[in-house]
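As structure tokens, the structure follows; a few thoughts come after it.
Because the structure is a prediction, the values reported are computed rather than measured. The figures here come from the full heavy-atom set of this structure, side chains too, leaving out hydrogens, waters and symmetry mates.
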Amino acid sequence: RKAAEQELSAANAALSAALSAKDQELARLRGIGVEDLEERELKELQATLQEGQRRVNDALLRPEAEQRVVQEHNSFVCPIGHALMREPVMAADGHTYERTEILKWIQRKGASATSPKTNQILEDTRLTPNHALKASIDEAIEKAMRELRASTQNGDCEGEGAAASGRKRRRSDGTNASDRC
């Protein structure tokens with residue numbers, strides 16, 4: 001949740017920066033009607049706004065996508081913090097944990113740190129990044145994001161996608177997709 005909020009904040013900052021740049025450009029063009037802008041300038045403005053909107057939409061969908069991934073893939077959840085792993089690492093016990101969680105665990109336990117899973121003493125407290133698991137988690141999130149994007153674009157009424165999180169989806173005819181359900 002915190003990472004999703006940070007991602008949304010970053011997307012908003014990027015959109016604000018892009019809009020600020022375009023505001024400066026528009027200030028330069030004040031007094032010139034939109035019809036006087038070159039087609040290239042209009043297309044650049046449109047592309048910037050569309051990219052910003054896409055990033056904001058993705059940031060809004062990400063928490064729901066992550067929730068789906070957690071429900072479908074228990075192995076992506078840290079056994080200590082019980083949350084989706086963002087930086088999975090393997091400990092000497094052969095199990096994978098979220099880096100921050102296992103580091104806190106080891107720090108609390110000190111020299112006699114034990115495995116959170118087996119309760120056996122950890123002979124070594126070095127942690128190894130679990131790149132394969134990280135890639136699988138990222139792939140599952142992206143798949144869930146694609147499914148959510150498709151469900152919001154198709155205007156489904158199954159309680160999935162944006163409607164399930166309380167957001168209204170706009171159809172191309174200007175009505176809310178949830179108004180039909």
Side-chain angles (χ1 to χ4, degrees), residues 1-18 50-169 177-178:
R1 187 176 220 40
K2 191 173 187 176
E5 289 171 0
Q6 290 173 338
E7 189 171 322
L8 179 58
S9 178
N12 282 333
L15 181 57
S16 293
Q50 287 173 338
E51 174 60 17
Q53 185 63 50
R54 184 198 61 78
R55 291 181 68 183
V56 168
N57 288 342
D58 280 357
L60 291 170
L61 288 176
R62 190 172 185 88
E64 189 172 349
E66 289 178 354
Q67 183 180 11
R68 283 184 176 197
V69 168
V70 165
Q71 290 171 349
E72 295 173 8
H73 303 278
N74 190 42
S75 62
F76 294 171
V77 174
C78 176
I80 302 171
H82 306 288
L84 183 67
M85 289 186 272
R86 301 193 186 289
E87 195 177 355
V89 293
M90 189 175 302
D93 64 355
H95 296 282
T96 298
Y97 307 94
E98 173 61 30
R99 177 180 293 280
T100 57
E101 295 294 333
I102 189 67
L103 285 173
K104 284 191 271 185
W105 176 277
I106 291 169
Q107 187 176 28
R108 269 195 319 269
K109 300 288 184 173
S112 60
T114 58
S115 163
K117 295 277 277 187
T118 67
N119 207 27
Q120 300 294 314
I121 292 178
L122 291 174
E123 300 296 328
D124 188 349
T125 57
R126 285 182 287 181
L127 304 173
T128 305
N130 191 331
H131 298 294
L133 183 60
K134 172 70 172 147
S136 295
I137 292 169
D138 290 345
E139 184 179 310
I141 291 170
E142 186 52 43
K143 179 181 179 228
M145 292 283 290
R146 283 192 306 271
E147 291 169 356
L148 286 169
R149 280 188 213 110
S151 72
T152 59
Q153 290 169 354
N154 294 336
D156 67 1
C157 294
E158 300 170 6
E160 302 288 332
S165 61
R167 292 185 305 277
K168 289 190 176 187
R169 294 167 284 141
S178 57

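A distance of 10.5 Å separates CD in Glu147 from CD in Glu142, rounded to the nearest 0.5 Å. Between atom NE2 of residue His95 and atom CD1 of residue Ile102 there is a gap of 10.5 Å, rounded to the nearest 0.5 Å. A distance of 4.0 Å separates CZ of Arg86 from CD of Glu66, quoted to the nearest 0.5 Å. Atom NZ of Lys117 is separated from atom OG1 of Thr96 by 9.5 Å, given to the nearest 0.5 angstrom. A distance of 11.0 Å separates CG of Leu133 from NE2 of His73, quoted to the nearest 0.5 Å. The distance from the CD atom of Glu123 to the CD1 atom of Ile121 is 7.0 Å, given to the nearest 0.5 Å.
Taking 4.0 Å as the cut-off between side-chain N and carboxylate O, Arg54 and Asp58 count as a salt-bridged pair.
For the side chain to side chain contact (heavy atoms under 4.5 Å, CB included) criterion with Val77, the lone passing option out of Val70, Leu84, Ile137 is Val70.
Closest approach of Pro129 and Arg99 over heavy atoms only: CG-NH2, 4.0 Å. Of all heavy-atom pairs spanning Glu98 and Pro88, the tightest one is OE1-N, 4.3 Å. Shortest non-hydrogen contact noted between Tyr97 and Met85 is C-SD, 3.4 Å. For the residue pair Met145 and Leu61, the shortest heavy atom distance occurs at SD-C, 3.9 Å. Summarising the geometry of Pro116 relative to Ile80, their closest heavy-atom pair is CG-CD1, 3.6 Å, with the distance given to 0.1 Å. Among all heavy-atom pairs drawn from His82 and Pro79, the shortest one is CE1-O, 3.3 Å.
No more than 12 heavy atoms of other residues, nucleotides or ligands sit less than 6.0 Å from atom CD of Glu139. No more than 12 heavy-atom neighbours from other residues, nucleotides or ligands sit within 6.0 angstrom of CD on Gln107.
With a 4.5 Å cut-off on side-chain heavy atoms, Val89 and Thr128 do not count as touching.
Between the side chain of Trp105 and the main chain of Thr114, a donor-acceptor pair closer than 3.5 Å is present.
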Margin query: Applying side-chain contact (heavy atoms from CB on, under 4.5 Å) to Glu64 and Leu148, what does each step give before you reach the verdict?
Written below: CA-CA 8 Å; Glu64 189 172 349; Leu148 286 169; 3.6 Å; yes

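For Thr118 and Asp93, the side-chain atoms include no donor-acceptor pair closer than 3.5 Å.
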